[in-house]
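Numbers restart at 1 for each chain; the letters A, B, ... are given by sequence-line order, proteins then strands. Here the structure is a predicted model, which is why all the values come from computation and not from measurement.
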Amino acid sequence: MSDLSHSLPEYNPQAVEAEAQSWWSDHDSFLAREDATREKFYCLSMFPYPSGRLHMGHVRNYTIGDVIARHQRMQGRNVLQPMGWDAFGLPAENAAMARGVAPAAWTLDNISYMRRQLQALGFAIDWSREFATCQPEYYRWNQWLFLRLLEKGLVYQTTGTVNWDPLDQTVLANEQVIDGRGWRTGAMVEKREIPMYYMRITAYADELLDALDGLSEWPERVRVMQANWIGRSEGVEIAFPFDPLTREAVGADGVLRVFTTRADTLLGATYCAVAAEHPLATVAARTNPELAAFIDECKRGSVMEADVATAEKRGMATGLFVRHPLSDARLEVWVANYVLMGYGEGAVMAVPAHDERDFEFSLKYGLAIRCVIRSKSGAYTDTTAPWQPSYAERGITTNSEGFDGLEFQQAVAAIASALEKKGLGQKRIQFRLRDWGISRQRYWGTPIPIIHCETCGAVPVPEDQLPVVLPEDCVPDGSGNPLRKRQDFLNCACPKCGKPSRRETDTMDTFVDSSWYFLRFPCADNQRAMVDERVKYWLPVDQYVGGIEHAILHLLYSRFWTRVMRDLGLVALDEPFAKLLTQGMVLNGIYFRKTEAGRLVYYHPTEVDDQEDSSGHRTVVLLADGQPVEPGGIGTMSKSKNNGVDPQTLVDSLGADTARLFTMFTAPPEQSLEWSDEGVQGASRFLKRIWKAVHAHVASGFAGPVAPGALNHFQKSLRRQVHQTLAKVSDDIGRRRTFNTAIAAVMELLNALNRAETSTPEDRAVVQEALELTVLMLSPIVPHICHRLWNVLGHPGAIIDETWPLPDPSALVAETREIVVQVNGKVRGRVSVASTATEAEVRTAALADGNVQRFVDGRTVRNVIVVPGRLVNVVV
RNA sequence: GCCGGUGUGGCGAAACUGGUAGACGCACGGGACUCAAAAUCCCGCGGCCGCGAGGUCGUGUCAGUUCGAGUCUGACCACCGGCACCA
């Protein structure tokens with residue numbers, strides 16, 4: 001064999017990959033055609049934002065999708081795996097500012113580069129269906145559907161809060177606000193209320209929540225996150241009537257409405273708190289400059305929920321009062337920064353004894369604490385200080401006038417009905433989910449099809465004037481939306497009265513684009529309709545693959561949008577994605593130095609020497625100067641941390657198959673994946689081993705078919721392993737989607753094959769069968785090398801058109817089994833018994849084992865537990 | 001802060017239904033081949049005790065359930081993802 005190996009052809013990934021790819025392209029292998037007679041499989045990976053080059057997250061995402069698609073194809077399904085581009089968005093505008101190129105040109109360049117990269121990775125994509133969301137042929141349907149929803153009242157206009165940079169006079173995205181300041185100007189960011197369009201996703205809240213139960217093929221964690229996001233809660237809306245003083249200030253009679261899930265604690269309310277944007281706060285601020293200043297300050301804060309929730313609790317009394325709806329006590333109204341205008345009524349009743357936030361707030365400002373719930377478990381008897389989580393438990397009402405001694409449910413019911421009688425409250429369901437604000441004050445997006453006329457107001461663009469085409473030659477400069485300076489875009493005639501009018505310059509959230517792109521792939525060539533009957537054949541998406549970071553927003557919006565289209569009669573579908581796989585992030589080491597100015601400078605892992613000596617002492621130095629660098633742990637590959645790995649370099653050096661194999665082998669798909677250059681080498685080494693094994697085998701001629709009856713013990717046992725591996729790999733790829741364990745099993749098999757005898761024709765027949773099955777099993781994962789090796793093994797056809805093999809059941813039968821013997825739960829021996837052995841025989845054999853006897857000897861056997869085919873536990 | 005996840009050798013991980021902890025790979029150590037190196041092939045590789053047979057401890061921490069717990073329950077700690085204008 002060593003003589004032969006010198007003459008074997010070398011594995012040259014570039015040549016092998018180019019050959020396979022041109023075969024696929026010459027034969028249109030990936031073209032998907034509708035065929036009602038065949039079972040379809042729509043395999044979709046989340047389309048990329050064309051940021052410039054592929055990153056490892058893309059490689060991982062699309063390899064997972066490709067493995068599933070190719071495996072399904074081999075199982076005889078009619079597979080559609082399309083690709084498109086999520087082409088609108090902020091990075092194009094940032095690149096435009098940095099380089100002075102128009103976002104359109106930048107985006108299109110990126111797309112053509114990244115398309116070549118995807119092709120070089122050998123993904124089985126049907127490119128005939130490709131589109132980008134920045135093409136008018138696509139986004140016109142965003143506009144069309146927007147107008148349909150406007151008619152139906154599912155789109156409406158109201159004000160929304162945005163980050164405002166006072167120097168640049170522009171709206172900032174959350175990521176453009178750094179420590180409360182504009183990223184370019186450094187000016188303190190303000191909150192500003194501006195008119196925006198909203199989609200009424202809350203109208204579907206119940207359905208979106210209930211349908212989660214039916215998504216049995218979605219990861220549990222995604223369903224839980226979505227359910228919490230929708231956040232249905234049953235509670236009571238309570239009206240606190242204005243005190244005479246408040247009536248005077250407001251100039252009218254009225255009530256302060258709050259929503260609470262804890263109506264049982266109503267008698268413990270000692271004050272009310274409203275958000276800074278609440279009308280009562282505005283009224284009070286008119287005559288109170290100090291309060292006005294405080295409200296102003298609150299409005300300057302971040303609009304992000306995380307910031308609001310972690311900010312120190314602050315507040316100020318308004319001097320206005322309301323009356324307790326049951327006790328008629330006078331309660332003061334406070335403005336508090338922990339009350340969100342966007343949830344419920346923008347006001348809460350504060351029960352310091354039984355709510356942690358209210359408790360903290362009342363301690364700080366010396367407000368009354370009134371305990372009205374008695375602990376069922378006896379965890380506490382009063383709630384004065386300090387806070388314990390048990391204070392918020394549901395207990396028994398006490399100190400609550402006529403409502404004492406009731407359990408949670410009864411208390412809520414009794415108090416709600418008392419309130420209802422007085423006309424001061426009723427049971428209500430509240431969702432945490434808010435309507436979806438889709439207006440963006442940005443250039444690179446779908447224009448909102450509205451015309452503003454001085455006489456007629458906001459007028460929808462008539463259908464025959466769609467699409468409203470976005471001019472593609474603008475170069476944003478950071479000071480507001482460049483569309484506002486484009487007279488040719490702005491000026492138009494009012495569709496109603498014909499007077500000169502102005503076009504809306506806001507564009508749509510890019511989540512609109514990604515909320516229905518999967519419905520467009522089946523019919524991307526249709527210029528007359530948004531979707532057509534081909535959607536019925538391909539949808540739902542059978543397997544959707546994408547990052548866990550999309551678990552809530554993108555997936556929820558897509559589920560909403562699909563239902564909206566269903567209700568417009570456009571599709572006959574509730575849920576767009578039958579099965580979901582959320583892949584983990586790709587991580588790499590982080591290294592940095594702190595400059596004298598306190599700024600962090602990040603170094604790429606390849607620029608750093610990171611070593612640990614035998615005593616565990618870690619030395620990290622920069623290769624360039626030998627001076628120390630700080631290790632920053634491990635984190636998501638990103639530009640900002642300078643720890644990304646360019647897939648292109650890897651594909652150019654070791655090949656696409658190595659890149660694919662490494663990402664599939666190193667971690668299970670749902671977990672995060674740590675980059676390792678040594679691991680990549682290992683993947684490449686494995687491919688070389690397979691290459692060599694196949695060539696070495698055929699170098700001495702092809703073997704005949706296996707004759708199972710003629711095999712000796714060793715041949716049988718090897719063949720059993722081959723078919724066991726096939727069974728495991730089929731299950732791992734097809735059901736469990738644990739590609740890492742599938743690959744590990746094939747590696748084990750190859751190790752066994754390399755040790756196998758190859759002297760007799762029977763030996764060689766078993767090996768030939770094993771190599772053929774190995775190449776078939778690996779072909780979805782490393783398709784290029786398998787394409788070649790299949791031919792080398794003597795098959796004239798292409799492996800992509802082969803059928804997925806089935807294990808031979810007769811090969812799986814074993815004559816003996818090894819049983820583990822434990823004494824008191826500790827392994828003390830192993831015995832080999834016939835597969836057909838009875839429980840009594842297994843038990844006898846176990847007790848007869850020498851080492852087992854040592855531990856049993858002289859003690860009483862109390863119990864013997866026999867787990868058939870696995871182990872025996874002797875309890876003494 | 002809230003919601004979700006993760007935690008196992010020097011490292012990435014495996015153990016799928018409560019039943020042999022560490023498969024497979026990486027790194028490392030030893031050997032073969034070589035003038036030498038690389039590549040390749042073979043062997044070893046959780047800690048401690050023991051010449052060995054074997055023993056003993058060990059799955060983030062602390063408790064619990066069980067004949068038996070990485071797996072189930074409760075409390076806690078650390079890290080990661082999302083939090084509505086990044087996509």
Side-chain angles (χ1 to χ4, degrees), chain A residues 2 5 46 48-49 51 86 88-91 94 160 162-163 171-177 219-222 224-225 227-229 231 303-311 338 342 356-357 433-437 439-442 509-511 514 547-554 556-557 584-585 587 612 614 616 633-636 662 665-668 670-683 685-686 688-689 692 731-732 735-736 738 740-741 743-748 751 754 818-822 824-827 830 851 854 862-865 867 870-875:
Chain A
S2 57
S5 63
M46 291 180 185
Y49 178 80
S51 55
D86 190 12
F88 275 137
L90 198 53
N94 295 341
V162 293
N163 303 307
V171 174
L172 298 177
N174 282 338
E175 73 159 14
Q176 296 174 322
V177 180
E220 175 72 12
R221 58 169 164 167
V222 175
V224 171
M225 279 195 257
N228 289 332
W229 186 262
V303 298
M304 289 170 70
E305 189 190 324
D307 295 332
V308 175
T310 49
Y338 68 93
E356 186 166 10
R357 289 162 307 176
L433 182 69
R434 309 200 294 260
D435 276 336
W436 174 17
S439 295
R440 296 291 180 271
Q441 298 67 45
R442 266 185 267 293
D509 181 5
T510 56
F511 273 121
S514 55
I548 183 66
E549 68 275 17
H550 295 292
I552 296 173
L553 293 181
H554 162 62
L556 191 64
Y557 291 147
M585 319 282 274
L587 313 176
E612 203 167 312
S614 48
I634 227 150
T636 316
F662 171 75
F665 175 63
T666 306
E670 311 234 284
Q671 260 178 51
S672 53
L673 181 150
E674 246 178 79
W675 191 257
S676 149
D677 285 322
E678 292 78 18
V680 172
Q681 290 298 331
R685 200 173 298 147
F686 173 69
K688 282 183 209 153
R689 274 155 57 86
K692 208 159 110 182
D731 187 48
D732 283 354
R735 177 183 64 90
R736 297 177 66 208
T738 51
N740 56 326
T741 53
I743 294 164
V746 176
M747 285 175 168
E748 256 181 285
N751 290 342
N754 282 338
E818 188 177 77
I819 303 290
V820 165
V821 189
Q822 298 180 331
N824 286 344
K826 296 197 174 186
V827 180
R830 292 178 171 81
N851 202 44
R854 266 180 54 206
R862 291 179 183 220
N863 195 6
V864 178
I865 292 153
V867 181
R870 277 191 174 270
L871 65 62
V872 175
N873 189 13
V874 183
V875 186

Visitor: What's the gap between A15(B) and U6(B) when it is taken at their P atoms, as a whole Å value?
Guide: 14 Å

Visitor: Determine the interatomic distance between P on C3(B) and the same-named atom on U71(B); round to the nearest Å.
Guide: 24 Å

Visitor: If you measure from the P atom in G60(B) to the same atom in G10(B), how many Å do you get, rounded?
Guide: 13 Å

Visitor: Give the B/S/- string for nucleotides 46-58 of chain B, one per nucleotide from 5' to 3', where a protein heavy atom under 4.0 Å of the base yields B, of only the sugar-phosphate yields S, and otherwise -.
Guide: --------SSSS-

Visitor: On a whole-Å scale, what distance lies between the P atoms belonging to A21(B) and G70(B)?
Guide: 9 Å

Visitor: Which residues pass the salt bridge (charged side-chain N to carboxylate O under 4.0 Å, His left out) test with Asp307(A), sequence neighbours left out?
Guide: none

Visitor: For nucleotides U8(B) and U61(B), find the distance between their P atoms and express it as a whole number of Å.
Guide: 10 Å

Visitor: Please produce a list of atom pairs where a protein N or O lies less than 3.5 Å from an N or O of nucleotides 64-70 of chain B.
Guide:
residue	atom	partner	partner atom	Å
C67(B)	O2	Asn873(A)	ND2	2.5

Visitor: Quick check for you: among G82(B), A87(B), G1(B), whose closest atom lies nearest to any side-chain atom of Thr310(A)?
Guide: G1(B)

Visitor: Going by modelled atom types, is there a donor-acceptor pair between the base of U20(B) and the side chain of Arg870(A) at under 3.5 Å?
Guide: no

Visitor: Could you pull out all residues at least two apart from Glu678(A) that satisfy side-chain hydrogen bond (donor to acceptor under 3.5 Å, both in side chains)?
Guide: none

Visitor: For residues Arg689(A) and Met747(A), determine if any side-chain heavy atom of one lies less than 4.5 Å from a side-chain heavy atom of the other.
Guide: no

Visitor: Send over the distance from Asn740(A) CG to C16(B) C1', rounded to a whole Å.
Guide: 12 Å

Visitor: Partners of Thr741(A) by side-chain hydrogen bond (donor to acceptor under 3.5 Å, both in side chains), sequence neighbours excluded?
Guide: Asp732(A), Thr738(A)

Visitor: State whether Arg736(A) places a side-chain N or O below 4.0 Å from either non-bridging phosphate oxygen (OP1 or OP2) of A15(B).
Guide: yes

Visitor: If the condition is ring pair (Phe, Tyr, Trp, His ring centres under 6.0 Å), which residues does Phe665(A) pass it with, not counting sequence neighbours?
Guide: none

Visitor: With respect to the side chain of Asp731(A), which nucleotide from G19(B), C83(B), C16(B) is positioned closest?
Guide: C16(B)

Visitor: Give me syn or anti for G74(B), where syn covers glycosidic angles within 90 degrees of 0.
Guide: anti

Visitor: Taking only the P atom of each, what is the distance from C28(B) to G4(B) in whole angstrom?
Guide: 42 Å

Visitor: Do any N or O atoms from the side chain of Gln671(A) and from the backbone of Pro668(A) form a donor-acceptor pair under 3.5 angstrom?
Guide: no

Visitor: Can you check whether Thr666(A) reaches Glu674(A) side chain to side chain, under 4.5 Å on heavy atoms?
Guide: no

Visitor: Among all residues two or more places apart in sequence or in another chain, which pass the side-chain hydrogen bond (donor to acceptor under 3.5 Å, both in side chains) test with Trp675(A)?
Guide: Asp677(A)

Visitor: For a quick check, with a 4.0 angstrom heavy-atom cut-off, what is the B/S/- contact string for nucleotides 24-34 of chain B, read 5' to 3'?
Guide: BSSS-------

Visitor: Students often get this wrong, so: under 4.0 angstrom with heavy atoms, is Arg830(A) touching a base, only sugar-phosphate, or nothing?
Guide: base

Visitor: Hey, does His554(A) have a side-chain heavy atom less than 4.5 Å from the side chain of Asp86(A)?
Guide: no

Visitor: Distances for protein N/O vs nucleotides 5-8 of chain B N/O pairs under 3.5 angstrom?
Guide:
none

Visitor: Name all residues meeting the side-chain hydrogen bond (donor to acceptor under 3.5 Å, both in side chains) criterion together with Gln441(A); count only those two or more places apart in sequence or in a different chain, and write none if there are none.
Guide: Asp506(A)

Visitor: Between Asn824(A) and Val875(A), is there a side-chain heavy-atom distance shorter than 4.5 Å?
Guide: yes

Visitor: For the pair Asn163(A) (side chain) and Leu172(A) (backbone), establish whether a donor and an acceptor sit closer than 3.5 Å, ignoring hydrogens and angles.
Guide: yes

Visitor: Rounding to an integer number of angstrom, what distance separates A23(B) and A14(B) when you compare their P atoms?
Guide: 13 Å

Visitor: Starting from the 5' end of RNA chain B, give me the residue, Asp86(A) or Pro668(A), whose nearest nucleotide shows up first.
Guide: Pro668(A)

Visitor: Hey, which sits more toward the 5' end of RNA chain B by its nearest nucleotide, Thr666(A) or Val171(A)?
Guide: Thr666(A)

Visitor: Could you summarise the pairing of RNA chain B as dot-bracket text, marking Watson-Crick and G-U pairs under 3.5 Å with ( ) or [ ] inside the strand and | across strands?
Guide: (((((((..(((......[....))).(((((.......))))).((((....))))..(((((..]....))))))))))))....

Visitor: Using the P atom as the point on both nucleotides, what is the distance between A27(B) and U40(B), in whole Å?
Guide: 10 Å

Visitor: Any chance CZ of Arg221(A) has more than 12 other-residue heavy atoms, nucleotides or ligands included, within less than 6.0 Å?
Guide: yes

Visitor: Once ring pair (Phe, Tyr, Trp, His ring centres under 6.0 Å) is applied, do any residues pair with Trp436(A), and if so which ones, sequence neighbours excluded?
Guide: Tyr557(A)

